[in-house]
Amino acid sequence: MTSRFTSWQIAWGVALSLAVVGFFLKDIAPWAFKYPRDWVFPLRFWISDFVKWLLNDFDLGLFTFKEFTRAISWLIELPYIFVRSLLSDGFREGQGSNAIQVFPRVSWIAVILFVIMIGRYARDWKLAALASGCFTYLAVFGQWDSAMVTLSSIIIAVPLGVVGGIMIGVLGYRSATFKAMIMPVLDLMQTVPVFAYLVPILILFGFGPVSAMIATVIYAMPPMVRITLLALSQVPEEIVEFGRMAGCNTRQLLWKVLIPSAKPALMIGVNQVVMLSLNMVIIASMIGAGGLGFDVLNALKRLRIGEGIEAGLAITLLAIALDRLSQGLANRPPPEHGSEVKNFAGRHPFAIAALGFMSLTWLIGLVLPAFQTYPEGLELTTGTFWGDTVRWLNINYFDQIDGFKNAVLLNFMIPTKRFLLSLPWPVVVGLVAMLGLQLGGWRLALLCGGMAFVIATLGLWPKAMITVYLCGLSVIIAAAIGIPVGIMAALNERFHRVIQVVVDTLQTLPSFVYLMPIVMLFRVGDFSAFIAVIVYAIAPAIRYTDHGIRRVPPHLIEAATQMGCSPWQILWRVRLPIAMPEIMLGINQTIMMALSMLVITALVGTRDLGQEVYIALTKADSGRGLAAGMSVAFIAIIADRLINAWSAKRKAELGLD
Amino acid sequence: MPLQTSSDIDARPIKLSCNGIWKIFGDGGAQLLKQTNNAPQENDLIERSLIAAVRDASIEVREGEIFIIMGLSGSGKSTMVRCLSRLIEPTAGEVLFEGQDLLKANPKELIQIRRHKMGMVFQHFALLPHLTVLGNVAFPLEIQGIKRREREDRALEVIELVGLKGRETYYPRELSGGQQQRVGIARSLAVEPDIWFLDEPFSALDPLIRREMQDEFLRLQKMLQKTIVFITHDFDEAIRLADHIAIMKDGAVIQIGTPEQLVLNPATEYVAEFTNGIPRAKVLSVGSVMEPVMEPGGNDYSGRVFADIRLEELGGDILHADKPFAVIDRNDQIIGQVTRDVVLEVLVGSSSQSDT
């Protein structure tokens with residue numbers, strides 16, 4: 001090509017100048033700037049009507065849809081109430097305040113002993129100490145009751161999510177058609193913000209723990225499905241062939257060959273389900289799950305700083321304990337010969353120990369009540385300390401904090417917001433489509449442009465732009481901090497280890513927890529949301545950069561060193577270009593996490609799509625919630641497809657993979 | 001060392017055979033075969049972007065013989081053995097096992113045949129990682145629903161047979177490659193199969209271990225007399241073990257014969273390339289180089305040798321003998337004689353074999 005510019009550069013030049021010209025057409029084509037109300041596609045009303053129809057008029061012949069949902073509720077509620085009674089409430093008889101306790105709940109000492117045992121079994125005494133330490137905090141700081149309610153939800157939701165995920169995964173493994181059908185659904189389920197499907201579930205199943213549980217299972221299941229599909233397809237072909245040659249029927253092949261062979265990989269999925277369930281159970285406290293999430297939400301609403309931080313810390317510790325325990329179980333070394341035990345006690349150590357701990361503490365508890373319930377007199381609280389600290393910060397540093405906040409808002413955030421809102425929507429749709437065309441061809445262009453267009457037709461364009469602005473700015477800042485940190489971690493082993501712990505912890509924490517301290521300092525508004533999203537979404541930017549830079553083949557570094565590159569040149573000219581596709585995948589993850597966090601930050605008063613979903617939740621308007629939720633999902637999918645297309649293209653050019 | 005002469009084997013009934021097997025990967029393969037009356041042209045395949053992994057292959061495996069399918073990677077040998085066991089559904093052709101068309105068996109029948117009559121050994125062992133040696137070997141019996149006590153007794157017998165006694169409680173990853181393949185062999189023998197498929201069983205092992213396993217395999221076969229289909233890419237291995245060898249190239253079987261026949265009369269240049277590097281003494285039997293007896297009854301010999309042993313097994317005796325050796329068949333009848341000069345010619349000539 002003789003021209004100094006490539007044809008793509010020219011195309012972009014033309015497109016952007018058209019966009020600028022577009023600004024002067026405001027009078028001629030006002031519809032391009034403000035999507036006309038009459039043109040809005042009434043999808044949300046249709047959805048709302050459909051859900052109402054499902055609930056009120058849909059008859060399945062033998063029973064109505066309503067009876068069907070009631071039956072499901074009942075099926076889930078029964079075991080939940082049992083576990084909750086066992087761990088938190090105790091077994092009661094009678095109604096309301098007249099209820100008499102028939103049998104007490106499991107003693108806190110028994111639970112902690114049991115946790116120690118699992119920790120020891122899963123890895124070693126160190127893990128046992130860590131996990132039991134976390135649980136002891138719950139008892140000592142008076143979080144036990146709520147924590148056990150939360151734990152009960154998880155104990156019921158995790159098996160449902162795991163078994164359901166494996167079942168769907170197996171169906172997908174067996175039938176390519178079914179797999180092709182579920183893959184887009186999985187994509188959507190992971191990108192539609194959780195609040196969006198809370199609404200229809202709430203309407204179908206009513207306010208309460210059952211709805212929360214169903215939402216939790218739906219939220220936590222997709223990764224299990226994916227991991228099951230992956231794990232089963234990774235079972236060596238020869239092992240499957242062996243199973244068939246041994247004369248296995250379909251059932252035997254699945255249960256005796258495929259699943260045992262895939263077990264180590266499946267256990268990683270279990271860990272994910274546990275963590276996602278915890279995250280969701282906390283969020284679902286809004287629709288009546290109760291527990292620790294409810295405490296945080298309550299404190300947040302009443303600005304009870306100390307209580308909120310304590311409950312937040314309890315969630316954090318519970319999350320760490322559950323994460324490390326389930327990871328320990330997943331990574332347990334495979335058995336060695338001679339380690340099998342034949343007798344009954346040896347084969348069922350947990351059942352026996354659990355029964356033993358329970359009966360022992362119950363008996364002692366009859367005499368010494370402290371064994372039954374942690375004595376209130378010995379409970380500690382740091383609530384006032386946290387409250388005082390924040391008050392002190394706010395009194396002494398109010399000017400600095402507020403000044404910082406205002407400076408960022410006025411100089412950085414608000415101008416960006418105004419700019420994005422002023423763009424005519426057809427131009428944005430066109431630019432998105434063009435980017436798709438350049439990176440991935442016609443199909444990608446159609447997909448991305450089409451999705452952006454649908455957002456406009458749903459009448460949600462301004463809110464979508466606010467979402468893009470908040471999410472975009474947060475992601476830029478998260479990348480600006482995360483990528484350098486990742487680079488440093490990749491180049492310095494000691495720093496890497498420190499960062500690893502920090503990132504692991506950040507990723508373990510339920511999204512809810514982040515809001516607490518930030519709201520304390522910056523109060524509600526876009527700025528708090530902005531900070532919360534950055535903190536929540538920074539982990540993948542760091543992790544992928546670190547990993548990408550470390551994976552640069554050592555012989556390239558050697559070659560560069562030999563050619564006399566300075567360390568700085570090696571970084572800029574060798575490491576970064578080669579690690580770039582991987583880093584971009586990290587940014588992709590950051591965007592996904594930012595979008596999911598954004599919806600939660602609606603609690604602190606943003607005016608984006610998240611708020612739309614949140615309003616729908618409070619008004620129980622399923623159409624409104626789903627339309628907004630879908631729009632968030634579309635933004636996520638557009639970003640995801642574009643970045644993946646770029647990354648794949650670049651990887652192919654570099655000959656990686 | 002063949003356990004019997006090829007004429008012996010040819011007299012036995014056919015255990016497993018296939019006729020005109022085609023395996024075409026890609027959509028529309030079956031239609032193409034129908035349209036072209038099972039003789040598609042190369043162009044037809046390329047046009048429809050189809051890949052013919054097996055083309056019109058036919059073999060016959062007789063009872064108790066070791067039938068080796070030899071080919072380089074991509075020659076279709078693995079696909080071929082999977083067509084024979086119906087792990088892969090052939091696009092066309094028939095597979096006759098004990099007179100029954102395997103391709104017509106319904107899934108239930110197929111499961112029964114596999115449970116009771118087939119055993120298979122895999123290149124990468126394909127052991128189940130979560131089961132002990134005992135659990136792995138007993139697995140095919142477990143699948144049949146045999147009670148624990150009974151299946152473990154049987155498994156212990158086979159484990160002892162392959163020389164792994166004392167390792168029953170080990171897990172696969174605690175064993176060396178050679179030991180793992182012994183488990184694979186024991187497992188495939190646990191059901192006492194009528195036909196034994198071995199898919200490159202020793203290819204993943206070090207050369208020394210490979211040799212040891214080949215000896216072990218021959219020892220077992222001497223005892224068990226199974227009908228065997230053995231896949232390999234190693235021509236040396238094929239010659240060492242086979243009663244019959246089928247050579248595959250680009251999905252087609254290009255020659256079938258005893259090792260001796262292949263070496264003496266390679267059908268194509270391609271086959272000759274394999275056989276050229278093979279020392280003649282390894283494949284030629286005494287019978288193939290013997291001369292007629294000059295003076296029946298009156299000759300005196302330095303010794304007697306069987307007609308069906310290979311020259312390399314003759315040992316040094318013949319090189320120091322002045323007089324010829326008498327060649328006898330298995331009924332002790334003298335059928336010819338072999339002289340030192342003839343043997344020397346083969347031995348010396350073989351090391352400098354060339355195309356000309």
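Every chain is numbered from 1, with letters handed out A, B, ... down the list of sequences.
Atom CE in A/M245 sits 8.5 Å away from atom CG in B/L110 (nearest 0.5 Å). Annotation: the span from A/R244 atom CZ to B/M118 atom CE amounts to 11.5 Å, rounded to 0.5 Å. Taking CG of A/L253 as the start and CD1 of B/I143 as the end, the distance is 8.5 Å to the nearest 0.5 Å.
Across B/L128 and A/V257, no two heavy atoms sit closer than the pair CD2-CG1, 4.0 Å. Here the closest non-hydrogen pair linking B/P129 and A/I239 is CD-CD1, 4.4 Å. What you find for A/G247 and B/R115 is that their closest heavy atoms are O-NE, 2.8 Å.
Ranked by heavy-atom pairs under 4.5 Å with chain A, the first of B/L141, B/V121, B/L87, B/L127 is B/L87. Heavy-atom pairs under 4.5 Å with chain B peak, among A/E237, A/E241, A/Q252, at A/E241. Taking B/Q144, B/E142, B/Q112 one by one and counting their heavy-atom pairs under 4.5 Å with chain A, the maximum is reached by B/E142.
The aromatic rings of A/F242 and B/F122 lie perpendicular to each other, with more than 60° between the two planes, well past the 30° mark.
Around CZ of A/R251, the count of heavy atoms belonging to other residues, nucleotides or ligands within 6.0 Å does not exceed 12. Residue A/L446 places its CG atom among more than 12 non-hydrogen atoms of other residues, nucleotides or ligands, all under 6.0 Å distant.
Residues of residues 67-85 of chain B lying under 4.5 angstrom from chain A, judged on non-hydrogen atoms, are B/R82, B/S85 in numerical order.
In this structure, chain A has a heavy atom under 4.5 Å from the backbone of B/R86, while its side chain stays farther away. The contact between B/F197 and chain A is made entirely by side chain atoms (from C-beta outward), counting heavy-atom distances below 4.5 Å. Heavy atoms of A/P236 lying under 4.5 Å from chain B are absent altogether.
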